[in-house]
J.: 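Below is the structure I would like to discuss, written out as structure tokens.
Order of the sequence lines sets the chain letters (A, B, ...), proteins ahead of strands, with each chain counted from 1.
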Number of protein chains: 4
Amino acid sequence: MGNTFGKLFRLTTFGESHGKALGAILDGCPAGLALDLEKIRMEMQRRKPGQSKITTQRKEEDEIELLSGVFEGKTTGTPIGILIPNEDQKSKDYAHIANAFRPSHADYTYFEKYGHRDHRGGGRSSARETAARVAGGAIAKQLLATKGITIQAYVSQVGEIRLEKPYTALNLDLAEDNIVRCPDPELAETMIAHIDQVRKDRDTIGGIVSCVIKNCPPGLGEPVFDRLHAELGKAMLSINAVKGFEYGSGFEGVTIRGSQHNDAFEQRDGKIHTLTNHSGGIQGGISNGEDIYFRVAFKPVATLMQDQSSVNTAGEAVTVSGKGRHDPCVVPRAVPIVEAMAALVLADYLLLSKTNKLEAI
Amino acid sequence: MGNTFGKLFRLTTFGESHGKALGAILDGCPAGLALDLEKIRMEMQRRKPGQSKITTQRKEEDEIELLSGVFEGKTTGTPIGILIPNEDQKSKDYAHIANAFRPSHADYTYFEKYGHRDHRGGGRSSARETAARVAGGAIAKQLLATKGITIQAYVSQVGEIRLEKPYTALNLDLAEDNIVRCPDPELAETMIAHIDQVRKDRDTIGGIVSCVIKNCPPGLGEPVFDRLHAELGKAMLSINAVKGFEYGSGFEGVTIRGSQHNDAFEQRDGKIHTLTNHSGGIQGGISNGEDIYFRVAFKPVATLMQDQSSVNTAGEAVTVSGKGRHDPCVVPRAVPIVEAMAALVLADYLLLSKTNKLEAI
Amino acid sequence: MGNTFGKLFRLTTFGESHGKALGAILDGCPAGLALDLEKIRMEMQRRKPGQSKITTQRKEEDEIELLSGVFEGKTTGTPIGILIPNEDQKSKDYAHIANAFRPSHADYTYFEKYGHRDHRGGGRSSARETAARVAGGAIAKQLLATKGITIQAYVSQVGEIRLEKPYTALNLDLAEDNIVRCPDPELAETMIAHIDQVRKDRDTIGGIVSCVIKNCPPGLGEPVFDRLHAELGKAMLSINAVKGFEYGSGFEGVTIRGSQHNDAFEQRDGKIHTLTNHSGGIQGGISNGEDIYFRVAFKPVATLMQDQSSVNTAGEAVTVSGKGRHDPCVVPRAVPIVEAMAALVLADYLLLSKTNKLEAI
Amino acid sequence: MGNTFGKLFRLTTFGESHGKALGAILDGCPAGLALDLEKIRMEMQRRKPGQSKITTQRKEEDEIELLSGVFEGKTTGTPIGILIPNEDQKSKDYAHIANAFRPSHADYTYFEKYGHRDHRGGGRSSARETAARVAGGAIAKQLLATKGITIQAYVSQVGEIRLEKPYTALNLDLAEDNIVRCPDPELAETMIAHIDQVRKDRDTIGGIVSCVIKNCPPGLGEPVFDRLHAELGKAMLSINAVKGFEYGSGFEGVTIRGSQHNDAFEQRDGKIHTLTNHSGGIQGGISNGEDIYFRVAFKPVATLMQDQSSVNTAGEAVTVSGKGRHDPCVVPRAVPIVEAMAALVLADYLLLSKTNKLEAI
């Protein structure tokens, strides 16, 4: 259980880090969407390992194949089968930890839950699984693009190095110009240097990915349990290594008084807008047409190039040594994953919103 | 849509702030659970308005009635119908805002989404809806109690006043001894005074509720999309006024290096434990048997006893004046709601975990 | 589990035969639907016991109360709480079977499944539960009526007495003119006399309800698992005492050769139609715009006014004697239930069909 | 939508008749199940085309590949990716019907629903899609086998040729000994001859598949909407060409009086049993431990080797000529499909039943 996301626009994924392939089935994509395969590939490239000196040197091409649901370049409304073969499997890198539990990984919890597990590279718990999400999210993005909705994420913090400017003071397009994906070119250099140092220290560090959704029409989001930000939060928290989520004023908002925090309404250009946007584009769980923005906290990568003390399946004390090729900091590669999950949520809620009113049916 | 929570232990709620009644159907509660009605009532009392000088003076008894699913004091496995009549409805308090959009409320977004809405007291978007969650959560708590699982939430921040001690340095049982529900008696007084001042200023303020789950067995949580903390996050973010969620090391964790952040395993008393608990009791989305802890950020209440500028359904500029009886700060009353939602998640994931392994079936 | 029906238009029900009340939550009904309460009451009247000499003499008014989701006569898009109080409870009629398993009832299976059960009147397994379905279905009918879709069911067989004419040769409006709900007035008298005789014999008899859906637009139904007729079949088979379902040519269709069975297409009045309708209005699981028709088989009522041999919870042989007031034949009262379930399916699939094509989004 | 089946044991399928591949993701299979790949292949062989003179001569090897979820021969509890490459694609056989609607196929309804469709071989509506179900069902069967539950289907009618004996008077193991899969060897020959004649007539014929489930423990099935037989009914009706479903006494049962139809309980060998089994092993929607049996009606195949009149997408009259290689009667190949769908239902409900009682949790 737990491998399906969405209510109407539904992505179900499968695959382990070192199995034959990863993949997904995307069900519920409306018919008639012209798919740009190149754009899907581009998203896969943004996530794939081996992009730069600050990401893992592991090589995976992450070529995807669409097996169904697309005919003559357009979606048919039937499920889209997505296949991503695994290639660069160095399974023997993991032989030494077959029976040991790597600290702060999912080895122990999978063992407790399932008894029998594929230990190689973390198996199903590996972040490799997010490749299938990026593929599905890339299709969601193309659906959203037909409505003008755009999603842009970027790195806003690495360790203690924090981008203080709000997104409104940044040119987000600059994020893709550097390998850490921070839209402030100067700070990006500092972040890159920091990650590089951490890597040399055989250590890892966390960071924060911020995300902005523009042109979302008002009315997306369901009342009570399925509020738009609740689903966005779940989507983000479901990404490997995520420890926190906040939207709009977030945790900072608790210190602001209501009289300062409230977003007054006004009419502007014939549309209702708010003067400020502490609400983060969502009120009562439903989009209000303003920019939606949120932040996602990623912990430091658990795999270290250091010896760590742990136990094995028999409960005996063992030393776990870091091997293989791993990211010193996940946030640069997490940017497209955050965007993909946001796109999946928005696409799903866009479809859900189509039956809100009798007059629209 | 959006009014059902859970996969196997499922709560579906209905009801508006000023309608005839609120209520819920709890489906999937196992048969044979001896229900203590007094405990359910006690939880309702903890949430109800009019408890103290720092909560709204609105009076609602929030008496609940169980209409089905319980026979001779025990659950039967069939759905439990829950009814909570509305009593203290001053609907005319809302006549002046029938066509106006209160800033940072859901008035505008419900209007955009549905066209036709019950404006009285926010209708379905009112936090009154959480009464039904507390009732359902109280039953979930009793189910969890049979497994020894306990859930305790408390107020850890009001405005800038922050409880710095970790939960492990606190006696959480003290939280219920004061009206702000902070387990540090001294800080509680400061918080209460602060809320009282904010109230006198006809303003509002936010805060943070922390929550600790003890004795959760390892193995709860589903891989990939339905990670235990992702579902907890969604549950919390679905509560009115919540702007952020973090668990374990949370946002602070991004500044810690992996070598410090990782939780080493050891065997203790014949069981596998971690030496530290930055993971917050969840690894790879699955509980590891350590304490689960998380923090939830609440924004300041949007209803102010002040005039605010806004627009009406025609897009015309209007002034919205605060009327009625409202909380200056929601966190004291949010404590049982946070616990209720956590209980619903845990109960659901406890049931889900029963079919993980062939040997358990 | 199992108390919710539908994906977007979702009815969740609760309540036992002899508990305080039955009820339901209808989630997903679009906003802006003007509800005619009188029509809902009328449907409740059609199902309620005590209507005629051939139905049970038990009295229940089955008054319903809408507790939420409706404001100023129109739906608001939020969940509609439905309450149906239980009145005429003669629980002591059931004291004698508290520990005995009535043959062909659900007493034994509920006992095996849940251990603890409400034995009074069958508890949750009582057909009294269908009152909540009829209430929800009555709202679905009103939604469908805005699209011109109509649903009419009628009794086409009682025991061996079979209405041979196809529905196209009948005036279905006549069905409500007699107490057995058969649109052939002459045959209706024969059926009524037969049921009356069966009743005098202290026995029971089964029958068939046929149903016709007109003006369903093409395009309703989902491919593969959620074919429209599969969902209709499940809906019907979920009604108490149903043993079979067939649509279009049904079981008879197996004897017809393909060359005779195929429905040729033609254009008529600017629309594509079929010349014949063995398909029953559904092809590949999706409505084609022709009439949808199907038949539902009901077994004889299990409660007899006779002594029957059985066992009790201890496995000891006992005699179960019929007491209380029961229907000698369920089909007359099943007619509105069949219509209600059909309406729930159609309403749900109507909403689901709104996101099939990009051009409609 | 509509491509996922099951609640806890969930099969999601993809793929068109003439696309690159079919496949599925099976989520929720408990960990630790030793999978016998040979048995899965054997089920695929039973369904594949080209088996005998009375099935289509189309050749497909239907080799399956398990891409994930299995490690060292056992399931891991994570999703099982299943791939079935398409091989023998004669897509040009379908060029002539790219814009024509074949009578009683899904061409027209898919066109109406989606606008854009893959017309080749019926695309997603092709019965080729059932290959993925058989693969998933084969895994379900292995799960059920660990509990001793067996499922056997057989052909009980072809056209007018009907096997009158009840399943209890048959040796079901004989069904696989002949190409029509009828356990009465003599009648099998008659059926085969009849199908062969129909084939020579360039026509098609329908039939009935009966199915028996043995050793199902009492307690499987959910109350109200998700009754075990309702889900079995939906499962069967979701198979291509199915027009009807009945279980236990079925449509015949409507003519029997309650006093004859009721199944008296007795204790036998320390267990509670019924003397007769008109209930078909299910009472109140929940299994009672007796054999579950049901019948499924299949219409004649819609593809004929004859000219048929129809219309095209422009609404113009056209003649559709039969080409390609098709089954004159689907029931022989439908036998493993019926079993597969029954296995998926039983596996799902087996898992669902694990949380019925507090004492089992």
Side-chain angles (χ1 to χ4, degrees), chain C residues 1-3 5 101 103-104 106 109 112-113 115 124-125 159-160 203-208 218-219 222-227 229-230 233-234 237-238 243-246 250-251 253-255 257-259 261-265 267 272 283-284 286 288 297 299-301 304 309-311 315 356-357, chain D residues 1-3 5 101 103-104 106 109 112-113 115 124-125 159-160 203-208 218-219 222-227 229-230 233-234 237-238 243-246 250-251 253-255 257-259 261-265 267 272 283-284 286 288 297 299-301 304 309-311 315 356-357:
Chain C
M1 288 294 291
N3 299 285
F5 191 83
F101 302 131
S104 289
T109 54
E112 276 287 335
K113 184 178 187 71
R124 183 70 179 150
S125 73
E160 306 262 7
D203 215 331
T204 61
I205 192 73
I208 292 178
E222 299 298 319
V224 181
F225 298 116
D226 292 345
R227 284 166 152 92
H229 59 267
K234 178 174 175 177
L237 288 156
S238 80
K243 303 295 286 187
F245 169 87
E246 59 181 0
F251 277 88
V254 309
T255 61
R257 288 203 173 192
S259 53
H261 191 278
N262 277 2
D263 296 317
F265 285 109
Q267 193 164 31
I272 291 173
Q283 292 178 324
I286 299 168
N288 67 358
K299 68 167 186 171
V301 175
L304 311 179
S309 60
S310 187
V311 296
N356 294 154
K357 300 180 198 176
Chain D
M1 287 294 290
N3 298 286
F5 191 84
F101 301 132
S104 290
T109 54
E112 276 288 333
K113 185 178 187 70
R124 183 68 178 150
S125 74
E160 307 262 6
D203 213 331
T204 61
I205 191 74
I208 292 178
E222 300 298 318
V224 182
F225 298 116
D226 293 345
R227 283 167 154 92
H229 59 267
K234 177 174 174 176
L237 288 156
S238 80
K243 304 294 286 188
F245 169 86
E246 60 181 359
F251 277 87
V254 309
T255 61
R257 288 204 172 192
S259 53
H261 192 277
N262 277 2
D263 297 317
F265 285 109
Q267 193 165 31
I272 290 174
Q283 293 178 325
I286 299 168
N288 66 359
K299 69 167 186 170
V301 176
L304 309 179
S309 59
S310 188
V311 297
N356 295 154
K357 301 180 198 176

J.: For each of D:S238, D:G244, D:G207, tally heavy-atom pairs with chain C at distances under 4.5 Å, and name the one with the top tally.
T.: D:S238
J.: Pick whichever of D:G219, D:G206, D:G258, D:G315 has the most heavy-atom pairs under 4.5 Å with chain C.
T.: D:G258
J.: Select, from D:L304, D:N262, D:T204, the one with the greatest count of heavy-atom pairs under 4.5 Å involving chain C.
T.: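 Counting heavy-atom pairs under 4.5 Å, the top option is D:N262.
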J.: Between D:S309, D:P223, D:A106, which shows the greatest number of heavy-atom pairs under 4.5 Å with chain C?
T.: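 Of the options given, most contacts go to D:P223.
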J.: Contact part of C:I272 toward chain D, heavy-atom cut-off under 4.5 Å: side chain, backbone, both or neither?
T.: both
J.: With chain C as the partner, which of D:S310, D:G284, D:G253, D:A264 has the greatest number of non-hydrogen pairs under 4.5 Å?
T.: D:S310
J.: Which heavy atom of C:F245 sits nearest a heavy atom of C:F251, and at what distance?
T.: O-CE1, 4.3 Å
J.: Would you compute the distance between atom CD of D:E160 and atom CD1 of D:I205 and round it to the nearest 0.5 angstrom?
T.: 7.5 Å
J.: What's the shortest heavy-atom distance between D:S104 and C:D263, and which atoms?
T.: OG-N, 2.8 Å
J.: Select, from C:R124, C:M1, C:K299, C:Q267, the one with the greatest count of heavy-atom pairs under 4.5 Å involving chain D.
T.: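 When all of C:R124, C:M1, C:K299, C:Q267 are compared, C:M1 has the most.
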J.: Working to the nearest 0.5 Å, report the span between CD of D:E112 and NZ of C:K357.
T.: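 D:E112 atom CD to C:K357 atom NZ measures 6.5 Å (nearest 0.5 Å).
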J.: Starting at CD of D:Q283, measure out to CZ of D:R227 and round the result to the nearest 0.5 Å.
T.: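 Spacing of CD (D:Q283) from CZ (D:R227) equals 12.0 Å.
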J.: Who wins among D:G233, D:G250, D:G115 for the most heavy-atom pairs under 4.5 Å with chain C?
T.: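 Of the candidates given, the most pairs with chain C belong to D:G250.
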J.: Is chain C contacted by the side chain of D:N3, its backbone, both, or neither, given a heavy-atom distance below 4.5 Å?
T.: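 The answer is both parts of D:N3.
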J.: Rounded to the nearest 0.5 Å, how far does NE2 of D:H229 lie from NZ of C:K234?
T.: 11.0 Å
J.: Once you round to the nearest 0.5 Å, how far does CD1 of D:I208 lie from NZ of D:K243?
T.: 14.0 Å
J.: Heavy-atom pairs under 4.5 Å with chain D: which of C:R257, C:E222, C:H261 has the most?
T.: C:R257
